[in-house]
Amino acid sequence: MSAASTSTAPTSAPSSEALPTAEQHGIKEHSDGRFGFVPVQTRSARFKSFDVADFPAVTGREAVWKLSPVAKFTDLTAGVLDGSVYDFDQTPHPDVDVSWVDRSDTRIGTAGAPEERAAANAWSAFEKALAITVTGEEAKEITLTRANLGSVPRAAHTVIEAKPFSQAVVILQNTGDARISENIEIIVGESANLTVVTVQEWNADAVQLANHFATIGRDARLKHVVVSLGGGIVRVNPSVQLAGQGSDTELYGLYFADAGQHLEQQVYVNHDAPNSRSRVNYKGALQGAGARTVWIGDVLIGRTAPGTDSYEQNRNLVLTEGTRADSIPNLEIETGDILGAGHASATGRFDDEQLFYLQSRGIGEVEARRLVVRGFLSEIVQHIGSSPLEERLQGVIEDELRGTEGN
Amino acid sequence: MSVLEIKDLHVSVETDQGTKQILRGVDLTINEGEIHAIMGPNGSGKSTLAYTIAGHPKYHVDSGSILLDGAEVLTMTVDERARAGLFLAMQYPVEIPGVTVTNFLRTAKTAIDGEAPAIRHWIKDVRESMVRLRMDKSFAERNVNEGFSGGEKKRNEILQLELLKPRFAVLDETDSGLDVDALKIVSEGVNRAKENTGLGLLLITHYTRILRYIKPDFVHVFVDGRIAEQGGPELADRLEDEGYDRFLAETPVG
């Protein structure tokens, strides 16, 4: 482990009209090691554009790229992308329509806009968008599998819309080769209850740069789960706007980086309506030389969002030497009238006391380690809400853990 | 008959101030079915003895020997010691997030016996032990020690003692932090385990209170890393009246 940050600072702002002092959070630099860094710009004020030409060439010094290996995917940030339609498999359901739609579809561009060049490059290049439209109030689950994207640099655009009062679990399953930059818009209608799970089990040299933009309507709920296990460079950045009053989101992430893998997620929750609630919980394990993970969690509680209840956390478990985990929680609060806002981040080695306890009960070291890591990650798996997928992922984690043995 | 022998044991730990000697020549023999109480003031090395027997990596054995039926324990790994029949009930049991009590107990039992327990008998054994220790059945599905109160953690240790059936158990201040009701429940569990399996016990305690419920055959007074005096149960009564001052006056506090 060459870098790790640890901080825990649950905050609960009282109702107060008093001006913030220099000692308060957000004015003073945080203890995350970026000494002297004071944000100059609110998260919502970042430059956005649908047009790739509006973004200068990527240098790797930009806030959104500074922890990513940008030299390894210049084809996606600066090259010409194949924006044609691709093959996918799906489990059909009568209340879930999956079809290709034109760029003129009125939903496109309503959930968000690119904040960086790879996302804008994809937005400029896609020919048709894949639209997944959920209706019907009964619980249901569909899985959409992409396995043949190939290794030509490509762009993709997906719209997932849950109509008002509808309910579904949508699983996006990714395997095989890929060099892809893509945008996924998630539109959750009033009182709808949508779960989106994206599972990355790409081949070892695949590169994926994905941005998810979600907007959640009044009294609606989005559960969003990112599971990144396979792939060379996998960046999945969900941005969620709590746009309607009483809207609710839970964002979960589970990642397991092996030697040479770069797994990144930049999570942004924008509280933009009264009485909205968010929970962010990402957990990762790292093993093997060069295993690298990045988690950045931004939460913005706007003036428009009194009564907000928010908490974000990231935990990383370092299993071997030679790995690096970056964990950066940021919390920006523009109103004093909130229920709660907190964040926590911890990156640590395997706990020797846990190991000793289990071994003192006769359990061998290898099995003891496996028990602890499985326990650590299964908290996230249990939240997915799809039994077959949960069971399958527990098995995949077991396989990953077998890779630790002998190290 | 099983016997646990500790011979001239010297143990040190690394601290910020350098190497610190804690045990300075401990000799102790425990036979199967015997209860030995080790009493002593804070900092005398009682817990170090417990953790050294269990094999905690923090403690460095400088010299001496621990033999279980003639086999050297000090060269065994932590889990090998447990499989050989040693058990440590910890003063501060560790939380294991994401691992349920049920899963943990079954995994430990399988490791110790070398084979998975027959399901129906096992479930019955676990349930009965939990009832006797007044543990609600919801404990089985909770994560090990996570969110447990102090008393619940200690009962969970004794639950393991009953189910894993060691030949020798070290109880490291199992009584500390328990109210009288919890103390009685825990003591009953220990006595029951001894009746059922005839195990030998090393009971480490700061107070004489637990000795009202678990009757020791021998009492050893531990001061400054070695046994300063030993005797029968009457020695505990004397300590109750006099405290440890008599011993502390003779030796510098380490």
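Here is the naming used below: chain letters follow the sequence lines, and residue numbers restart at 1 for every chain.
- Salt bridge annotation for A/Arg349-A/Glu321: present, with a cationic side-chain nitrogen under 4.0 angstrom from a carboxylate oxygen.
- Comparing B/Asn103, B/Leu86, B/Leu88, B/Leu105 by how many heavy-atom pairs each has under 4.5 Å with chain A, the most go to B/Leu88.
- Neither the backbone nor the side chain of B/Glu80 comes within contact range of chain A; no heavy atom of the residue lies under 4.5 Å from a heavy atom of that chain.
- Open room surrounds CD on A/Glu391; 12 or fewer heavy atoms of other groups in view lie less than 6.0 Å from it.
- The minimum heavy-atom distance between A/Leu355 and A/Ala368, with the atom names listed, is CD1-CB, 3.6 Å.
- Heavy atoms of A/Glu367 lying under 4.5 Å from chain B belong exclusively to its side chain.
- Between A/Tyr282 and A/Trp295, the angle of the ring planes lies from 30° to 60°, which puts this pair in the tilted group.
- B/Asn143 does not touch chain A: none of its heavy atoms, backbone or side chain, sits under 4.5 Å away.
- Using a 4.5 Å cut-off between heavy atoms, B/Leu164 touches chain A through its side chain atoms alone.
- The contact between A/Phe356 and chain B is made by backbone and side chain atoms together, counting heavy-atom distances below 4.5 Å.
- A salt bridge is absent between A/Glu400 and A/Arg370; no separation between the charged side-chain nitrogens and carboxylate oxygens falls under 4.0 Å.
- Only the side chain of A/Ser378 has a heavy atom closer than 4.5 Å to any heavy atom of chain B.
- With chain B as partner, the option from A/Gln359, A/Glu379, A/Arg374 having the largest number of non-hydrogen pairs under 4.5 angstrom is A/Gln359.
- Within 6.0 Å of atom CZ in A/Arg392, more than 12 heavy atoms from other residues, nucleotides or ligands are found, so the atom counts as buried in its surroundings.
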- [ ] Determine, step by step, whether A/Gln313 and A/Tyr311 satisfy the side-chain hydrogen bond (donor to acceptor under 3.5 Å, both in side chains) criterion, reporting the C-alpha distance in whole Å, the side-chain angles of both residues, the deciding distance to 0.1 Å, and the verdict.
- [x] CA-CA 7 Å; A/Gln313 73 164 337; A/Tyr311 196 86; 5.3 Å; no

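- A donor-acceptor pair under 3.5 Å is formed between the side chain of A/Lys223 and the backbone N or O of A/His383.
- Looking at A/Glu353, both its backbone and its side chain come within 4.5 Å of chain B, counting heavy atoms on both sides.
- Chain A forms more heavy-atom pairs under 4.5 Å with one residue of B/Lys109, B/Met90, B/Lys58 than with any other, namely B/Met90.
- For residues 144-153 of chain B, heavy-atom neighbours of chain A at less than 4.5 Å comprise B/Val144, B/Asn145, sorted by residue number.
- Side-chain contact of B/Ser2 with B/Asp69: a donor-acceptor pair under 3.5 Å is present, judged by distance alone.
- Between B/Leu199 and B/Leu161, some side-chain heavy-atom pair lies under the 4.5 Å cut-off.
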- [ ] Take A/Thr198 and A/Gln200 through the test side-chain hydrogen bond (donor to acceptor under 3.5 Å, both in side chains) and record every step on the way to the result.
- [x] CA-CA 7 Å; A/Thr198 176; A/Gln200 287 66 243; 2.4 Å; yes

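- One side chain, A/Gln287 or A/Asp258, offers a donor N or O that lies under 3.5 Å from an acceptor on the other.
- Heavy-atom pairs under 4.5 Å with chain A peak, among B/Arg81, B/Glu95, B/Gln160, at B/Gln160.
- The greatest number of non-hydrogen atom pairs below 4.5 Å with chain A, out of B/Ile112, B/Thr77, B/Thr100, B/Thr110, is found for B/Ile112.
- Looking at B/Pro93, both its backbone and its side chain come within 4.5 Å of chain A, counting heavy atoms on both sides.
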